[in-house]
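Just below is one structure, and these are the notes that go with it.
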Amino acid sequence: MYRHLQHRLSDHICKFLRRTYDLDLADIVIEQPPRVELGEYAMPLAFDLAKRLRKAPRKIAEEIVAGIGEIDGYEKFAVAGAGYINAYLKRGPMATAITIDEKPQSKVPDGKVLVEHSSINPNKAAHVGHLRNAILGDTFVRLLRFSGRRVDVQNYIDNTGVQVADVVVGFLHIQKKSREEIEQLAREPRFDYYCWDLYARVSQWYQEDKANLQLRLQTLHDIEHGGNESAAVADVISVAVLKRHLETMDRLDIEYDFLPRESEILKLHFWDAAFEKLKAGGVLFFENEGKNKGCWVMRRGGTAKSEHADAIRKDEDILTIVPLKSEVDVRLDEVSEEDQKVIVRSNGTVGYVGKDIAYHMWKFGLLSRDFGYLKFYRYPNGHDCWISSTDGVPDHPHFGDVAEIYNVIDARQSEAQNTVVDALRGLGYNDQADHYTHFSYEMVALTPRCATELGYELSEEDSKRPYIEVSGRKGFGVKADDLLDRLIASARAEVDSRHPELSDEERSTIAIQIAVGALRYFMLKFTKQSVIAFDFKEALSFEGETGPYAQYAAVRATNIFRKAGIEPETLEKDVASYVSTGEFDKYLNGSDTDDLWALWLAASKTSYVVDQAIATTEPAYLAKHAFQLAQLFNVFYHRYPVLAELDEERKKFLLATVFVVRRELMRVLSVMGIAVPAVM
RNA sequence: GCGCCCGUAGCUCAGUUGGAUAGAGCGAACGGCUACGAACCGUUAGGUCGGGAGUUCGAAUCUCUCCGGGCGCACCA
């Protein structure tokens, strides 16, 4: 509702400016005033116009306020400070609109969206870093779906790379296991943990004797070729570990629709199709000399020189045009060795970026090839997750061929991502390149204290650093399932002490909901560009700015209804007649009502916040909003004992307040993938 | 060396497209349970927004520069 009224205000003001001053502004800046006493929207536009109209800002603001006339839903406009225009809403009608959940329709783009996230190498257990990726990705999927988009969720599986090869080497050459023994192990409950340890051991084994690296190369080669023991073992391992990853993520309510695997990208010759187009389009060129001799290379992402090869530099008072030497080397085949990225190696094999280019051409339906599809995993709720295969079943959902893509991949890979975008652009697919978003986020690292707690010995240098990077290769990290287990155990202890009257099963369900709430909130409260220095103490906290804090607020709201003997779901049906607009006006205007109004206003902002979160690919806004709503509600809860209210009419108004806040809180939490427990 | 990111309270972080008095949480000190259950609420202390220069009516936010930290820059993925 908040979002809708803002658009209405913006449109109206723009029209007024065009009419009155002949100014054509596409959009105007609308802010949120620091306090509700100053209205619901603030516009500093008079400051901007001051110069163009050559008048004092305050005078312009006064003219605008006097001239704009009535806007539906708005009570008044006022000039404040040196020239702010503050807009005040009609609180009664606004409250009615919020209560009945009025949703003015907004345009939803047509095409399908593809979100790729998780993409964990299937050779070891998932760790905290993977959790951040999956939680960010899943929340973004929920955001898009909430706003009406059709979304496919994909999890790319690199089942033929060195990481899987290393574990194969571990099983076959260090442990000397037979395929049957490995298959047996793969059926064990936490096979991914076994691989975690083995993977670290293999890395060590390579260091012990460099000759061992020869086996890695050979194994990698065998896996890529297929039809041999190493490839068969790699398949057993990667499929088993992948299943474990799906189980782990399912504990957090994270599901996927399709799992494209690198093995099919190879076997179905996606690269061959892409290679032809890239050569024909002049994106790739063959290097005849230097260190990349014999390779097909392209310009590394992000190194392209500016289109206007000139830079304007202001030096004191003199404007100087400085031509860059790039005028000379804009030609693709003269990209310096430094800026070259090898796509096809001199032995003819294609590297990761090349496969990724082909995969992304497929995503946009530009490859004229498709995967085969098989059902791979059925979630407890009945949803099917599909996997790529050389020959699939004829009847399957249509994946790929989408209008927009988001790749949730950490910031370390931004150069590779830019290279893929550049390749699309180089082929002339500008529209697709414009709808390609690298959803970039920073890694999760461990604080030195956390590392010590886990039993790792740190060098003196490391112990002084703010954080230390997780390393699967070294087996250094916090495993996702371990973290969840600890969170659940900790939540369970709290629930046990607070609710001994509940059954074992009920307490278990609540503990899981709280643990998941805490974890998902923790991963979402930081903005993407912030490195999370992971610490058990903070992650295991259930107080303050945490998921359980927000869950608790929602539970409190539910408790009020329970005590009142009212079902919120029943109330929802005839909520329109519960409190009249006149009554809302009575209780939301006048002195000392700003705190109540602030709560209503916060409750009206969900769709506004969702829009912001999508436009900026920043789910942290959602977490902030959930917390603010919960915080305002908790203050309300203390200040207004709803059920003790003697005035029946006012009591209904307070109940409507609780109803609306509860609904919005649950809505926001659900977009974050957080459930609200029955009791806490 | 080149590229990207970060530097805000003791600690961990917010701060939308430049805007009104820079905000939370944790931690610290004190206070609040007659239960709509305190996983909560209140009060207090705590800031030269890394330093400097510039643009602007206005800068934590934009530009430049310096300092400090992180991450990239494989015929790995």
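Just so we're on the same page: letters track the sequence lines, and every chain starts at 1. Nothing here was measured: the structure is a model prediction, and the numbers come from that model.
Pairing partner, rA39(B): none, since no Watson-Crick or wobble contact has both distances short of 3.5 Å. Across all strands shown, rG52(B) is found opposite rC64(B) as a Watson-Crick or G-U wobble partner, with both distances under 3.5 Å. Of all nucleotides present, only rA28(B) satisfies the Watson-Crick or G-U wobble test against rU44(B), with each distance under 3.5 Å. Across every strand in view, rA59(B) sits unpaired, with no contact that passes the Watson-Crick or G-U test at under 3.5 angstrom. Nucleotide rC73(B): paired with rG1(B) (Watson-Crick or G-U wobble, both distances less than 3.5 Å). Across the strands present, rU21(B) finds no partner; the criterion is a Watson-Crick or G-U wobble pair with both atom distances under 3.5 angstrom.
Rounded to whole Å, atom P of rU17(B) lies 11 Å from atom CD of Glu31(A). To the nearest angstrom, C1' of rA14(B) lies 15 Å from NZ of Lys528(A). Atom pair Tyr156(A):OH and rA77(B):C1' shows a separation of 9 Å (rounding to whole Å applied). The CD1 atom of Ile409(A) sits 11 Å away from the C1' atom of rA77(B) (whole-angstrom rounding). Taking atom CD1 of residue Ile157(A) and atom C1' of nucleotide rA77(B), one finds them 14 Å apart after rounding to whole Å. One interatomic measurement links the two molecules: CG of Asn559(A) to P of rC40(B), which rounds to 15 Å at whole-angstrom precision. Rounded to an integer number of Å, the gap from Asp611(A) CG to rU16(B) C1' is 13 Å. Between the C1' atom of rC36(B) and the CG atom of Leu655(A) lies a distance of 10 Å, rounded to the nearest Å.
A tilted orientation is assigned to the rings of Tyr549(A) and Phe627(A), their planes being inclined by 30° to 60°.
Within the model, atoms CD1 of Ile64(A) and CG of Leu49(A) stand 5.5 Å from one another, a figure rounded to the nearest 0.5 Å. Rounding to the nearest 0.5 Å gives a distance of 9.0 Å between CG of Leu665(A) and NE2 of His625(A). Distance CE/Met672(A) to CG/Leu143(A): 9.5 Å, rounded to 0.5 Å.
Using a 4.0 Å heavy-atom cutoff across all strands shown, Arg35(A) reaches at least one base atom of the nucleic acid. Using a 4.0 Å heavy-atom distance criterion, Gln612(A) is classed as a base contact. Across all strands shown, Tyr441(A) has no heavy atoms under 4.0 Å from either base or sugar-phosphate atoms. As judged by a 4.0 angstrom heavy-atom cut-off over every strand, Val495(A) is placed among the base-contacting residues.
Below the 3.5 angstrom threshold, one finds a donor paired with an acceptor across the side chain of Arg498(A) and the base of rA39(B). Donor-acceptor pairing under 3.5 Å, judged by distance alone, is absent between the side chain of Ser530(A) and the base of rC13(B). Counting atom types as modelled, Asn86(A) pairs a side-chain N or O with a base atom of rA20(B) as donor and acceptor under 3.5 Å.
Set against rC36(B), rA77(B), rA14(B), the side chain of Ile560(A) has rC36(B) as its closest nucleotide. Of the candidate nucleotides rC75(B), rC57(B), rC6(B), rC75(B) has the atom nearest to the side chain of Cys295(A). Closest to the side chain of Tyr621(A), from the set rU16(B), rC36(B), rC57(B), is rU16(B). Side-chain proximity of Ile514(A) to rA14(B), rC40(B), rA39(B): nearest is rA39(B). Residue Val29(A) places its side chain closer to rU17(B) than to any other of rG37(B), rU17(B), rA77(B).
Under a 3.5 Å cut-off, the side chain of Tyr521(A) and the backbone N or O of Ala623(A) do form a donor-acceptor pair.
Side-chain contact annotation: Asn133(A) with Tyr441(A), donor-acceptor N/O pair under 3.5 Å present. For the residue pair Glu262(A)/Asn159(A), the side-chain donor-acceptor check at 3.5 Å is not satisfied. With 3.5 Å as the limit, one finds no donor-acceptor pair spanning the side chains of Asn155(A) and His245(A). Residues Ser497(A) and Glu494(A) have side chains that never bring a donor and an acceptor to within less than 3.5 angstrom of each other.
The phosphate of rG25(B) (OP1 or OP2) has a side-chain N or O of Gln631(A) nearer than 4.0 angstrom. Checking the phosphate oxygens (OP1, OP2) of rG25(B), no side-chain nitrogen or oxygen of Tyr521(A) falls inside 4.0 Å. The side chain of Asn292(A) contributes an N or O atom lying less than 4.0 Å from OP1 or OP2 of rC75(B).
When the P atom is used for both rG23(B) and rA45(B), the distance is 14 Å, rounded to whole Å. Rounded to a whole angstrom, the distance from the C1' atom of rU8(B) to that of rU12(B) is 12 Å. With both ends at atom P, the span from rA60(B) to rC49(B) equals 8 Å, rounded to whole Å. Nucleotides rC57(B) and rG15(B), compared at atom P, are 28 Å apart to the nearest Å. Using P as the reference atom, rA53(B) and rA59(B) are 13 Å apart when rounded to the nearest Å. For the C1' atoms, the distance from rG27(B) to rU65(B) is 37 Å, rounded to whole Å. Comparing rU43(B) with rU17(B), their C1' atoms sit 37 Å apart, to the nearest whole Å. For rC64(B) and rU56(B), the C1' atoms lie 16 Å apart once the distance is rounded to whole Å.
Within residues 538-548 of chain A, the residues that have a heavy atom under 4.0 Å from RNA chain B are, in order of number, Glu538(A), Phe542(A), Glu543(A), Gly544(A), Glu545(A).
A salt bridge is absent between Lys537(A) and Asp535(A); no separation between the charged side-chain nitrogens and carboxylate oxygens falls under 4.0 Å. A salt bridge does not link Lys293(A) with Glu287(A): none of the charged nitrogens is closer than 4.0 Å to a carboxylate oxygen. With respect to Lys624(A) and Glu545(A), a salt bridge is recorded, a charged nitrogen being found less than 4.0 Å from a carboxylate O.
Scanning for salt bridge (charged side-chain N to carboxylate O under 4.0 Å, His left out) contacts around Asp496(A) gives Arg492(A), Arg507(A), with sequence neighbours left out. Partners of Lys464(A) under the salt bridge (charged side-chain N to carboxylate O under 4.0 Å, His left out) rule, at least two apart in sequence or in another chain, are Glu460(A).
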Between the protein and nucleotides 59-62 of chain B, are there any N/O to N/O pairs under 3.5 Å, and if so, what are the atom names and distances?
none

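The side-chain tip of Lys528(A) points at the ring of Phe439(A) from less than 6.0 angstrom away and within 45° of straight on.
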If a protein heavy atom is under 4.0 Å from the base, mark B; if only from the sugar-phosphate, S; if neither, -; do that for nucleotides 67-72 of chain B going 5' to 3'.
---SSS
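Applying the salt bridge (Lys or Arg N to Asp or Glu O under 4.0 Å) rule to pairs touching residues 156-169 of chain A yields Asp166(A)-Arg216(A), Asp166(A)-Arg473(A), sequence neighbours excluded.
Closest-nucleotide positions on RNA chain B for Leu38(A) and Lys537(A) were compared, and the one nearer the 5' end corresponds to Leu38(A).
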